[in-house]
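By convention here, the first residue in the shown sequence is residue 1. As the structure is a prediction and not an experimental result, all values here were calculated from the model.
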Amino acid sequence: MPFVKVVKNRSYFSRYQVKYRRRREGKTDYYARRRLITQDKNKYNSPKYRLVVRFTNKELICQIIYAKIDGDYVLGQAKSSELSKYGLAAGYKNYAASYCTGLLLARRVLQKLGLADTYKGQVNVTGEDYNVEAGDDGPRPFRAYLDVGLTRTTTGNRVFAAMKGVVDGGIEVPHGVQRFVGYDKEKEELDAKKLRSALFGGPVAVYMRMLSKEDEDRYKLQFAEYIKAGITADKLESLYKGVHKKIREDPSFTKKTPKAHGDKPQKRWNAAKISLTQRKDRVRQKKESFLKQQQQQREKEEN
């Protein structure tokens, strides 16, 4: 077949439609978003909640979000950096930390909605699949749908650890077990022990032991924050158990107090704001200086 040059003529450009900005930037999958935010007509104005899980370079962010015509609204949020308050000093992006962040979000949102005592979730982490069931009396469980964004939904992805934490925390998220750590594709069953091990930092502990024996220098470099906090491979499981317990005791959000600068003046890279009277006084001084310069120039010319 001969080469045919595609000519983009006037008809092509007159019908061309620019894609949404966030699609051009490669940030939003609108095919998925449309299905996640579209609510049934018979549910009227009831919002459709999404469990949004995103990873940054330093931490994990979990949010419960619902969409309105004027934009998205956040009902609740939890960051893995907050886990330092609950005793976790290092490792804010691994599988176990993702589970803890999801658990923190679930308990925080349910506390806000007054459902924390009604739906406590799975207190003992066994690794078994768990689904929140509605009680005989009272309100039905809070439901959210997982929004992974542009993340590749591979088996063992940390996104599903965060979802597992939210489900165990008492929020209903429709899901299967196919993407959890420990799922066997051939047998089509979940190894609960393997999943439980991952939720308590088992693979990290195994790697710490292996690296400390094979390469001491690399171990000290890679696990510097763990060593500084006194965390060893044997202490990991008890550490995460303590974090889970503390999260359930008090999941509330506390604002950080701004750092006191003391006597040292605060740095700034722009001009300080001045009041209206100061601006008028500045203009008056400039006028007087300009008129004075003109007067001096005239006197020089006359002499």
Side-chain angles (χ1 to χ4, degrees), residues 1-43 47-75 77 79-81 91-95 97-99 101-102 105 143-167 173-191 194-195 198 203-204 207 218 221-222:
M1 184 178 175
F3 174 75
V4 178
K5 185 181 178 182
V6 178
V7 180
K8 294 182 178 177
N9 53 21
R10 188 175 178 181
S11 299
Y12 168 82
F13 286 109
S14 66
R15 289 164 176 80
Y16 183 78
Q17 187 173 0
V18 178
K19 289 181 171 62
Y20 291 148
R21 177 180 58 82
R22 288 185 64 87
R23 172 62 191 86
R24 297 197 306 270
E25 293 172 353
K27 291 181 178 179
T28 300
D29 179 3
Y30 280 99
Y31 183 86
R33 178 179 168 81
R34 183 181 176 186
R35 283 151 181 77
L36 282 166
I37 67 173
T38 305
Q39 182 65 292
D40 297 332
K41 288 287 185 181
N42 61 359
K43 292 181 182 174
K48 192 171 186 178
Y49 296 100
R50 303 180 349 253
L51 166 60
V52 178
V53 183
R54 298 290 184 270
F55 285 88
T56 68
N57 289 337
K58 291 185 178 180
E59 62 184 358
L60 160 68
I61 303 169
C62 291
Q63 296 173 317
I64 298 291
I65 296 178
Y66 61 97
K68 283 189 174 182
I69 195 73
D70 56 338
D72 284 4
Y73 288 79
V74 179
L75 180 68
Q77 173 179 287
K79 293 183 177 182
S80 60
S81 56
Y92 297 123
K93 285 181 66 180
N94 58 32
Y95 204 83
S98 303
Y99 177 85
T101 310
L105 174 66
R143 177 183 285 183
Y145 298 91
L146 181 63
D147 182 346
V148 298
L150 302 176
T151 306
R152 293 291 181 119
T153 52
T154 52
T155 302
N157 198 302
R158 294 167 295 174
V159 166
F160 302 107
M163 184 196 71
K164 176 67 174 165
V166 171
V167 173
V173 182
H175 69 281
V177 297
Q178 289 87 352
R179 293 303 181 189
F180 289 142
V181 167
Y183 180 78
D184 193 330
K185 193 176 181 181
E186 292 179 0
K187 294 180 181 178
E188 295 185 353
E189 61 181 22
L190 178 68
D191 186 350
K194 197 171 182 180
L195 177 57
V204 179
Y207 184 61
R218 190 179 170 189
L221 179 67
Q222 192 160 342

Derivation of the side-chain contact (heavy atoms from CB on, under 4.5 Å) call for Thr151 and Val53: CA-CA 9 Å; Thr151 306; Val53 183; over 6 Å; no
Contact summary for Leu60 and Ala162, nearest pair of heavy atoms: CD2-CB, 4.5 Å
From CZ (Arg54) to NZ (Lys79), nearest 0.5 Å: 14.5 Å
Crowding at CZ, Arg24 (>12 non-hydrogen neighbours, <6.0 Å): yes
Atom CD of Glu25: over 12 foreign heavy atoms under 6.0 Å: yes
Contact check, side chains of Ile37 and Tyr145, non-hydrogen atoms, under 4.5 Å: no
Over-ring placement of Arg35 relative to Tyr31, 6.0 Å and 45° cut-offs: yes
CG-CZ distance between Asn157 and Arg179, expressed to the nearest 0.5 angstrom: 9.5 Å
From Glu189 atom CD to Tyr183 atom OH, the distance as rounded to the nearest 0.5 Å: 9.0 Å
Thr28 (side chain) donor-acceptor with Tyr30 (main chain) under 3.5 angstrom: no
Under 3.5 Å: donor-acceptor pair, side chain of Asp40, backbone of Lys43: no
Minimal non-hydrogen separation, Ala198 against Val181, with atom names: CB-CG1, 4.0 Å
Distance, nearest 0.5 Å, that separates CG of Asn42 from CD of Gln39: 8.0 Å
Atom CG of Asn57 with >12 non-hydrogen neighbours under 6.0 angstrom: no
Shortest non-hydrogen separation from Thr155 to Phe180 and the atoms involved: CG2-O, 3.6 Å
Reference residue Gln77; test side chain to side chain contact (heavy atoms under 4.5 Å, CB included); the match among Ile65, Ile64, Ile61: Ile61
Salt bridge (Lys or Arg N to Asp or Glu O under 4.0 Å) partner of Asp72, the single match among Arg33, Lys48, Arg22: Arg33
Distance-only donor-acceptor check, side chains Arg158 and Ser98, under 3.5 Å: no
Six-ring centre of Tyr73, Lys68 cation under 6.0 angstrom, axis tolerance 45°: yes
Worked verdict on Val159 versus Leu146 for side-chain contact (heavy atoms from CB on, under 4.5 Å): CA-CA 9 Å; Val159 166; Leu146 181 63; 4.2 Å; yes
Inter-residue atom distance Tyr92.OH - Phe55.CZ, 0.5 Å rounding: 15.0 Å
Interatomic distance, Thr101 atom OG1 to Lys93 atom NZ [nearest 0.5 angstrom]: 12.0 Å
